[in-house]
Amino acid sequence: MAEVFKNAYEDGTTSLADLIPALDSGHSAIVLSLRATNVDGTNDATVDVRVVDSDGSNDAYVAYQIAVPADTSLELAGSSKLVLDAGDKIQAKASVAGDIEFFASYLEITD
């Protein structure tokens, strides 16, 4: 079983976009950190982040219209860890394009 630490980042847009792309077959992951940073010096923004299940029927929001004040960061996973199975992915979006930067760090495990 191989384990590799990885990270992912995405400039927030107003449409859901893959932050962590779908994991390959035979892979799983533990998300260690999932951060949204508002880089706009004046305006607040909201974020949505969801886990998309590999079969597409059991999506779940980790964050839904969560406010991120100007010039602040918010840890969306809190003190929890998120587990992704093969085919699962994480998508994110912001209420205003260019105001939010998303960052995730995760441990990918090859079964």
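Side-chain atoms are counted along with the backbone in the values below, which use heavy atoms only and exclude waters and symmetry mates.
Interatomic distance, D40 CG to D71 CG, rounded to the nearest 0.5 Å: 7.5 Å. The CZ atom of F103 sits 13.0 Å away from atom CD of E10, with the distance rounded to the nearest 0.5 Å. Rounded to the nearest 0.5 Å, atoms CD (E108) and CG (D24) are 7.0 Å apart. Here the NZ atom belonging to K89 is positioned 11.5 Å from the CG atom belonging to D53, to the nearest 0.5 angstrom. A distance of 5.0 Å separates CZ in R35 from CD in E75, rounded to the nearest 0.5 Å. Residue R50 holds its CZ atom at 13.0 Å from CG of L19, rounded to the nearest 0.5 Å.
Listed here is the closest heavy atom pair of S25 and A86: CA-CB, 4.0 Å. Smallest separation of non-hydrogen atoms from A67 and P69: O-CD, 3.8 Å. Taking each heavy atom of G12 and F102 in turn, the nearest pair found is CA-CE1, 3.7 Å.
The hydrophobic cluster containing I100 does not contain V39, counting ILVMFWY residues as joined when their side-chain heavy atoms lie under 4.5 angstrom apart, directly or transitively. In the hydrophobic cluster analysis, where Ile, Leu, Val, Met, Phe, Trp and Tyr join through side-chain heavy atoms closer than 4.5 angstrom, V52 is grouped apart from L23.
Residues meeting the side chain to side chain donor-acceptor pair (under 3.5 Å) test with T14, sequence neighbours left out: none.
No donor-acceptor distance shorter than 3.5 angstrom exists from the side chain of N38 to the backbone of T72, with no hydrogens or angles considered. In this structure, the side chain of T13 engages the main chain of S15 through a donor-acceptor pair within 3.5 Å. Not a single donor-acceptor pair under 3.5 Å links the side chain of S73 to the backbone N or O of T37. Side chain of D48 to main chain of Q65: a donor-acceptor pair is present (N/O by atom type, distance under 3.5 Å, no hydrogens or angles). Put simply, the side chain of D99 never gets that close to the backbone of V96: no donor and acceptor are under 3.5 Å apart.
The shortest distance between side-chain heavy atoms of L74 and L76 falls below 4.5 Å. Inter-residue side-chain proximity for D44 and V68 is flagged as unmet; no heavy-atom pair is nearer than 4.5 Å. At least one side-chain heavy atom of L34 sits under 4.5 Å from a side-chain heavy atom of L82. With a 4.5 Å cut-off on side-chain heavy atoms, S105 and K6 do not count as touching. Annotation: side chain of Y106 is in contact with side chain of I20 (closest heavy-atom distance under 4.5 Å). I30 is listed as a side-chain neighbour of I109, based on a closest heavy-atom distance under 4.5 Å. Using a 4.5 Å heavy-atom threshold, the side chains of V51 and L84 count as touching. Two residues are said to be in side-chain contact when any heavy atoms from C-beta on lie closer than 4.5 Å; D111 and S28 meet this criterion.
Residue Y61 qualifies as enclosed at atom OH: its count of foreign heavy atoms under 6.0 Å is above 12.
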Going through the checks in order, is the side-chain contact (heavy atoms from CB on, under 4.5 Å) test met by L32 and F5?
-> CA-CA 10 Å; L32 306 170; F5 286 99; 3.7 Å; yes
